[in-house]
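Along the sequence shown, the residues carry numbers beginning at 1. Nothing here was measured: the structure is a model prediction, and the numbers come from that model.
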Amino acid sequence: MLYTLRELLKEPNTTRVGEKLGLTQSAVSASLNRLRWAFQDELLVRSGRSMTPTKRAERLFGPVDEILNLIEQLVEEVRIEPEKMERRFRILSAEFLLAYLMPPLMQRLRKDAPGIVVISEANTREARARLRSGHVDLAVAPLAPFEEGMRQISHIPLYEDRLVCITSKDNESVGDGLTVDEYLSMPHAVFTTDSNKSDVLSATEHFVHDLGLKLNVVCEVNSYAVLPGALLNTDLIATVPSRILQLIPEHRDLKAVDLPFDVKPFTVSMIWNSSMDNDAEHRWFREQVADQFNVLETSSDGD
């Protein structure tokens, strides 16, 4: 009705206003009658064959036009100008995924959005609370640990992964596969999250915990960057997400075999606070991160 009023004040002719707004002349007249009731004023009065705005109507034009312009700005699609963005984004993920993500992401951002600052951190204490409070913009991780402590989260799947057993290529005690007894008795190197720094278990820790396994652990590390090197030229084995082999320099010196358990694949997702769903800049940044993992997925399919 306010749109109709604005157009009638510009051109007091119900037929032509109807043509402009895609309404019939009778519909415009009906709106005018409702507007007269709402404003308790005739708004437009007959003057010969034409209509003339009343003094009240003339005073309404400015405020009505301003209100409608503001509404149009609210619903207009926000145009992102990456080169003008100035914002900090904090990403939380496993160390090996951050090592994969950050180089190509920063190369793109330095070219397209040099005002953006990216802060990456490995899984930290109170990760769920930090995502919930907005101190972390994105988490790249399996979804389940975050669902346990949050309601208002949004996510999109990035890729599917599975746990495998890896060892040095020259470890003759590991052939094409392992029995359960062999797996449990062999010396393990394990990645363990530091309980003082993280409240989110790794996929491997969930696997060991859920099956109640007792591993023969002879080496513990809290960095995926250290774990592969600990296996080289030894008889140690380790259980890791299979994508690690694509993302570490030592992958050509290691071999992978299936675990002797019925272990379901898991999905790594990009997770954020639902309050950021419609934040245009945040959405643009999410797209940049997702693009990098699409490259990982494509390269894996090619392999």
Only pairs under 3.5 Å count here: list side-chain donor-acceptor contacts from residues 256-268, not counting sequence neighbours, and write none if there are none.
| residue | atom | partner | partner atom | Å |
| --- | --- | --- | --- | --- |
| Asp258 | OD1 | Arg162 | NH1 | 2.9 |

More than 12 foreign heavy atoms under 6.0 Å from CD of Glu172: is that the case here? no
[X] with [Y]: basic N within carboxylate O range, under 4.0 Å:
{"X": "Lys10", "Y": "Glu7", "result": "yes"}
{"X": "Asp65", "Y": "Arg6", "result": "yes"}
{"X": "Asp176", "Y": "Lys255", "result": "no"}

ring-ring contact (aromatic ring centres under 6.0 Å, His included) contacts touching residues 213-238 (sequence neighbours left out): Phe96-Tyr224, Phe191-Tyr224
I'd like to know if the side chain of [X] pairs up with that of [Y] as donor and acceptor (distance under 3.5 Å, no hydrogens or angles considered).
{"X": "Ser242", "Y": "Asp161", "result": "yes"}
{"X": "Thr179", "Y": "Asp181", "result": "no"}
{"X": "Gln25", "Y": "Thr15", "result": "no"}
{"X": "Thr54", "Y": "Asp41", "result": "yes"}
{"X": "Ser154", "Y": "Ser274", "result": "yes"}

Among the clusters formed by ILVMFWY side chains lying less than 4.5 Å apart, do Trp37 and Met1 turn up in the same one? no
Are Val208 and Leu184 connected in a single hydrophobic cluster, I mean Ile/Leu/Val/Met/Phe/Trp/Tyr linked by side-chain heavy atoms less than 4.5 Å apart? yes
Please confirm whether the backbone N or O of Ser50 pairs with a side-chain atom of Ser47, one donor and one acceptor, at under 3.5 Å? no
Can you tell me if Tyr100 uses its side chain to pair, donor with acceptor, with the backbone of Gln292 under 3.5 Å? yes
Please walk me through it: do His188 and Tyr183 pass side chain to side chain contact (heavy atoms under 4.5 Å, CB included)? CA-CA 9 Å; His188 283 253; Tyr183 176 81; 3.5 Å; yes
With heavy-atom distances below 4.5 Å as the criterion, would you say the side chains of Leu254 and Pro228 are in contact? yes
Side chains of residues 101-112: which donor-acceptor pairs under 3.5 Å do they make with residues two or more places apart or in other chains?
| residue | atom | partner | partner atom | Å |
| --- | --- | --- | --- | --- |
| Arg108 | NH1 | Gln288 | OE1 | 2.9 |
| Arg108 | NH1 | Asp291 | OD2 | 3.0 |
| Arg110 | NH1 | Pro114 | O | 2.8 |

